[in-house]
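Everything on this sheet refers to the single structure shown next.
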Amino acid sequence: MLLKDIAEKLGAKLIGNGEIEITHVANLKTAKEKEISFLSDPKYRAVLSESHAGAVILKEEDVPHAKCAVLVMKDPYVGFAKVAQLLDTTPAIAKGVDSSAVISPEATIGKNVSIGPNVNIQAGAVIGDNVQLGANVVIGPKAKVGNNTKLYPNVSLYHDCVIGDNCLVQSGTVIGGDGFGYANERGEWIKIPQTGRVVIGNRVEIGACTCIDRGAIDDTVIEDNVIIDNLCQIAHNVHIGYGTAVAGGTTFAGSVTIGKYCIIGGTSVFNGHISICDGVTISGMCMVMRSIDKPGIYSSGIPAQTNKEWRITAARTLHINEMYHRLSALEEQVESLTKQLKQ
């Protein structure tokens with residue numbers, strides 16, 4: 001694309017030669033004359049001055065440090081994301097309808113749908129317009145996929161579950177598998193049928209090999225504009241609010257409610273039946289055992305140490321209870337002595 005056309009689509013202020021042809025996005029250090037990069041952190045201004053990029057997206061105050069054409073935006077990182085979409089070369093997940101696909105005559109298929117090899121669309125399923133289904137995708141009975149949604153190969157969408165418009169689901173993800181619901185009768189596990197659904201809103205992206213369990217009775221719900229990374233486990237009846245981001249490896253036990261605009265760090269774990277309010281940030285590897293009712297940043301866990309340091313820390317941890325009682329006794333003695341001195 002010509003740089004002037006990119007500027008127009010981004011609503012950016014162009015300074016310099018708008019006739020430059022831009023073919024790729026790149027980072028500042030490696031960018032070449034037909035590539036575009038961005039600067040959002042002033043500490044990289046020295047890199048900017050040495051960059052060979054054809055153009056850079058930056059803030060107004062960084063313009064004097066650039067030696068190439070620039071696109072001025074309030075948020076260069078957002079601008080970079082948008083230009084990356086314009087220049088995206090990711091191939092289509094599927095083209096046309098493959099002859100090996102199995103499509104029930106009782107399914108409803110929208111316009112301009114692409115269906116890859118061995119896809120199975122079962123009775124009562126509804127597929128919206130411009131949907132792309134990769135190889136081996138399974139759409140269960142009465143499941144619904146909204147317009148412009150893309151499911152990469154080997155995604156399974158179980159019966160009655162719903163995915164909204166403009167969503168993207170990466171390979172190997174399972175949506176609507178049974179929640180982990182059992183009763184115990186004298187040591188024997190009695191399965192509880194999981195009769196709820198998974199309902200996913202619009203503009204949701206889900207990473208590879210993530211599992212979202214259907215509700216036990218009510219639905220598991222993922223609201224609009226949520227992003228979920230790879231290898232996450234979302235148990236039955238979890239509700240994730242608008243605009244929340246969940247990093248890889250995170251596990252939610254059943255009936256957790258996550259508010260809007262939360263940020264969940266990777267490999268965090270949430271106890272069941274708790275609620276997290278809007279605007280909470282959970283740092284990586286947190287163990288969240290109780291509800292959180294105030295926005296802010298929450299952390300737990302111990303940072304990595306050398307093995308020698310960790311062994312010492314672990315050994316001392318075993319004596320915490322003993323140390324607590326000794327400290328309490330000392331506090332009582334100090335308090336008693338203080339009272340005596342005052343008398």
Side-chain angles (χ1 to χ4, degrees), residues 140 142-146 149 151 155-170 173-182 192-207 209-284 286-298 300:
K142 299 181 181 180
K144 296 180 180 179
V145 179
T149 286
L151 306 186
V155 168
S156 295
L157 180 65
Y158 279 51
H159 59 282
D160 298 319
C161 294
V162 178
I163 300 179
D165 298 340
N166 300 295
C167 294
L168 188 150
V169 183
Q170 300 287 354
T173 284
V174 177
I175 299 171
D178 280 355
F180 199 56
Y182 298 85
I192 301 171
Q194 305 290 284
T195 57
R197 304 174 298 167
V198 174
V199 178
I200 295 173
N202 303 319
R203 306 184 314 283
V204 173
E205 297 203 5
I206 301 171
C209 297
T210 281
C211 296
I212 305 177
D213 294 345
R214 68 192 312 111
I217 299 174
D218 297 324
D219 298 333
T220 300
V221 177
I222 312 296
E223 293 188 10
D224 296 353
N225 191 35
V226 168
I227 53 175
I228 300 170
D229 201 359
N230 304 330
L231 297 167
C232 294
Q233 161 61 23
I234 300 172
H236 53 190
N237 301 108
V238 168
H239 189 123
I240 299 180
Y242 184 99
T244 284
V246 181
T250 294
T251 297
F252 298 95
S255 300
V256 170
T257 298
I258 306 293
K260 300 176 182 178
Y261 303 112
C262 293
I263 298 175
I264 312 298
T267 64
S268 294
V269 178
F270 288 76
N271 192 27
H273 302 273
I274 64 173
S275 297
I276 309 299
C277 68
D278 299 347
V280 168
T281 295
I282 303 293
S283 60
C286 267
M287 181 177 288
V288 185
M289 303 302 292
R290 298 180 180 87
S291 294
I292 297 174
D293 59 8
K294 293 181 180 179
I297 301 174
Y298 294 81
S300 69

Check: Who are the side chain to side chain contact (heavy atoms under 4.5 Å, CB included) partners of S275, not counting sequence neighbours?
Finding: T257, S291
Margin query: Give me the atom names and distance for the closest heavy-atom approach of G272 to V256.
Written below: CA-CG2, 4.1 Å
Notebook entry, point to check: Can you list every pair that meets side chain to side chain donor-acceptor pair (under 3.5 Å) and has a residue in residues 156-169, with sequence neighbours left out?
Noted result: N148-N166, H159-R214
Next item on the list: Write down the atom of C277, the atom of P295, and the distance for their closest heavy-atom approach.
Entry: SG-N, 3.6 Å
Item checked: Considering all heavy atoms, the nearest S268-S283 contact -> OG-O, 3.4 Å
Check: Tell me, do F270 and I264 make a side-chain contact under 4.5 Å, heavy atoms counted?
Finding: yes
Item checked: Closest approach of V246 to C232 (non-hydrogen atoms, all atoms of both residues) -> CG1-SG, 4.0 Å
Next item on the list: Using the test side chain to side chain donor-acceptor pair (under 3.5 Å), find all partners of D213 that sit at least two apart in sequence or belong to another chain.
Entry: Q233
Next item on the list: Have a look at V288 and tell me which of N271, I276, V269 forms a side-chain contact (heavy atoms from CB on, under 4.5 Å) with it.
Entry: I276
Check: Out of curiosity, K260 NZ to I240 CD1, how far, rounded to the nearest 0.5 Å?
Finding: 14.5 Å
Notebook entry, point to check: For the residue pair A247 and G266, what are the closest heavy atoms and their distance?
Noted result: CB-N, 3.4 Å
Notebook entry, point to check: Can you name the residues that form a side chain to side chain contact (heavy atoms under 4.5 Å, CB included) with V169, not counting sequence neighbours?
Noted result: L151, V155, I163, T173, I175, I206
Check: Is a side-chain donor or acceptor of N202 paired with a backbone partner of G164 at a separation under 3.5 angstrom?
Finding: no
Margin query: Going by the rule side chain to side chain donor-acceptor pair (under 3.5 Å), which residues pair with D178 if we only count those two or more places apart in sequence or in a different chain?
Written below: K191
Note to self: I need the N237 CG to H273 NE2 distance, nearest 0.5 Å.
What the structure shows: 8.5 Å
Note to self: Under the side-chain contact (heavy atoms from CB on, under 4.5 Å) test against F252, which residue among I212, I258, I274 passes?
What the structure shows: I258
Checklist line | Exercise: identify the closest heavy-atom pair between A235 and G254 | finding: CB-N, 3.5 Å
Note to self: Under the rule for ring pair (Phe, Tyr, Trp, His ring centres under 6.0 Å), what residues qualify as partners of Y261, not counting sequence neighbours?
What the structure shows: Y242
Next item on the list: Quick one: list whatever passes side chain to side chain contact (heavy atoms under 4.5 Å, CB included) with A245, sequence neighbours left out.
Entry: I227
Next item on the list: Using side chain to side chain donor-acceptor pair (under 3.5 Å) as the criterion, list what pairs up with T281, not counting sequence neighbours.
Entry: none
Check: If you look only at pairs with a residue in residues 218-232, which of them pass as a side chain to side chain donor-acceptor pair (under 3.5 Å), with sequence neighbours excluded?
Finding: R197-D219, E223-H239
Checklist line | Residue list, side chain to side chain contact (heavy atoms under 4.5 Å, CB included) with Y298, at least two apart or on another chain | finding: V280, I282, I292, K294
Notebook entry, point to check: Between the side chain of T210 and the main-chain N/O of L231, is any donor-acceptor distance below 3.5 Å?
Noted result: yes
